[in-house]
Amino acid sequence: MYVILGATGHTGTIVANELLSKKKKVRVVGRDNQRLAAFASRGAEAFTANVTDEKALSRAFTGAEAVYALMPPDLTNDNYRGYQSLVSGAIAKALENAGVKHAVTLSSFGADKPDKTGPIAGLHELETKLNQIKGLNALHLRAGYFMENTLPQAEVIRSFGRMSSPVDADLKLPMIATKDVGAVAAEALLKLDFKGKQTQELQGQRDLNYKEVATIIGGVIGKPGLEYVRLPDDQVVQALTSMGMSKDFAKLILEMANAFNRGHVKMLEPRSAKNTTPTSYETFVREVFLPAYKGQAAGA
């Protein structure tokens with residue numbers, strides 16, 4: 001049996017659906033039972049639990065051959081790193097309590113660094129805690145910069161006629177579609193051929209900077225010449241909090257962006273067939289960004 005955390009999120013949905021399509025026994029875990037109903041209708045067992053609750057997660061993990069582990073974001077939390085520590089501790093203890101043999105974790109590039117990486121430091125902590133569990137085979141997927149991170153730009157473009165973020169305009173980022181991350185995680189869970197504690201980088205289809213992203217988006221949405229501007233640090237926190245994030249989380253996002261800008265967070269491996277994924281940013285913009293920009297759900 002497989003247990004999927006964050007089953008209603010971007011990557012968890014892909015993992016759960018892929019395992020269910022292969023007729024595997026799946027238990028999906030989430031905070032909201034109603035949002036898990038779609039998986040239950042396909043034969044999954046729905047389990048309601050908060051990811052900070054070690055006892056509930058221990059019950060959820062009982063009988064599992066493998067777990068897809070991730071830390072769902074809580075963007076309004078006033079102590080985000082504290083929240084991450086609670087979640088990683090609960091996941092690690094639950095895996096140990098339940099005697100789970102395999103875990104695939106959603107991590108990030110930059111998780112090799114212990115600090116000064118914003119929210120990524122929490123993933124370093126998660127990897128470290130899982131690596132200390134005897135008898136657990138763990139595969140940490142160090143994914144690149146999610147293409148979905150550019151979705152808020154739809155509102156920025158509508159409001160200001162340009163794109164902006166705290167990332168340098170010329171900085172090349174390994175941009176990856178979350179559906180590709182989910183596909184790799186599902187394949188790893190189906191094969192369960194990893195042993196010990198391992199990391200695997202996922203670098204996306206190719207590296208892109210925000211200038212190139214603006215050119216691609218502008219071409220698809222009918223705004224050729226769309227500009228990208230790097231925001232000053234003080235404006236970043238103000239902009240993010242106005243979008244509903246806590247000030248604490250906004251400051252961590254800024255720290256992460258500056259870690260990108262100065263090369264503190266970067267991929268460690270050369271690009272290869274193994275760490276490259278298929279979905280191009282052009283495809284993402286057509287399939288996901290454009291519908292969001294038009295204010296409608298993809299596929300509607």
Side-chain angles (χ1 to χ4, degrees), residues 1-9 11-33 36 39-40 42-72 74 82-108 111-112 114 122-143 181-200 202:
M1 187 190 63
Y2 295 96
V3 176
I4 314 298
L5 295 184
T8 58
T11 65
T13 296
I14 299 291
V15 174
N17 284 331
E18 180 63 19
L19 294 176
L20 287 168
S21 73
K22 294 286 194 291
K23 302 291 186 274
K24 300 296 182 184
K25 192 177 176 189
V26 175
R27 181 181 291 156
V28 288
V29 181
R31 283 170 288 194
D32 184 350
N33 217 36
L36 299 174
F39 300 108
R42 295 190 60 203
E45 178 193 345
F47 192 103
T48 309
N50 192 306
V51 283
T52 58
D53 186 337
E54 177 199 333
K55 287 181 179 175
L57 288 185
S58 296
R59 290 195 301 274
F61 293 172
T62 298
E65 171 66 22
V67 168
Y68 179 56
L70 57 74
M71 296 199 288
D74 182 6
Y83 160 76
Q84 286 183 306
S85 291
L86 282 174
V87 175
S88 59
I91 291 172
K93 286 173 184 169
L95 288 169
E96 198 164 19
N97 292 343
V100 176
K101 296 299 179 207
H102 292 86
V104 174
T105 64
L106 176 61
S107 189
S108 169
D112 55 297
L123 298 170
H124 173 87
E125 188 180 349
L126 176 67
E127 286 191 15
T128 302
K129 287 174 179 174
L130 266 58
N131 288 347
Q132 291 166 352
I133 301 173
K134 288 178 182 173
L136 175 70
N137 300 295
L139 176 63
H140 307 301
L141 298 178
R142 289 184 176 171
V181 180
V184 172
E187 184 181 13
L189 288 165
L190 287 166
K191 287 182 177 174
L192 292 182
D193 58 358
F194 53 93
K195 295 280 185 285
K197 313 298 192 284
Q198 299 181 25
T199 58
Q200 181 180 340
L202 298 176

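Scope of the values below: all heavy atoms of this structure, side chains included, with no hydrogens, waters or symmetry mates.
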Step through the shown structure and confirm whether more than 12 heavy atoms of other residues, nucleotides or ligands are within 6.0 Å of NZ on K197. yes

What's the shortest heavy-atom distance between S58 and T62, and which atoms? O-OG1, 2.7 Å

Shortest non-hydrogen pair, A16 vs V28, comes out as CB-CG1, 4.0 Å

Looking only at heavy atoms, the pair that brings A188 and L139 closest together is CB-CD2, 3.7 Å

Counting only heavy atoms not in K195 (residues, nucleotides, ligands), do more than 12 fall under 6.0 Å from its NZ? yes

Would you say the side-chain atoms of E127 and T105 include a donor-acceptor pair closer than 3.5 Å? no

Does the K129 side chain pair with the main chain of K93, one donor and one acceptor, at a distance under 3.5 Å? no

Considering all heavy atoms of both residues, which atom of V100 and which atom of A66 are nearest to each other, and what is their separation? CG1-CA, 4.2 Å

Determine the sole option in L189, L136, N137, D193 for which the side-chain contact (heavy atoms from CB on, under 4.5 Å) test with H102 is passed. N137

Flag the pair N97 / F61 as yes when at least one side-chain heavy-atom distance between them is below 4.5 Å, and no otherwise. no

Contact summary for G30 and L36, nearest pair of heavy atoms: N-CD1, 3.7 Å

Please check if any side-chain donor atom of T199 sits under 3.5 Å from a side-chain acceptor atom of H140, or the reverse. no

Side chain of S108, backbone of R142: donor and acceptor closer than 3.5 Å? no

Hey, is CZ on R31 packed in by over 12 heavy atoms from elsewhere, all under 6.0 Å? no

Taking all atoms of both residues into account, what is the closest heavy-atom pair of V26 and M1, and its distance? N-CG, 4.5 Å

From CA spacing to verdict: side chain to side chain contact (heavy atoms under 4.5 Å, CB included), Y83, M71: CA-CA 10 Å; Y83 160 76; M71 296 199 288; 5.6 Å; no

Does the side chain of L57 reach to within under 4.5 Å of the side chain of L5, using non-hydrogen atoms? yes

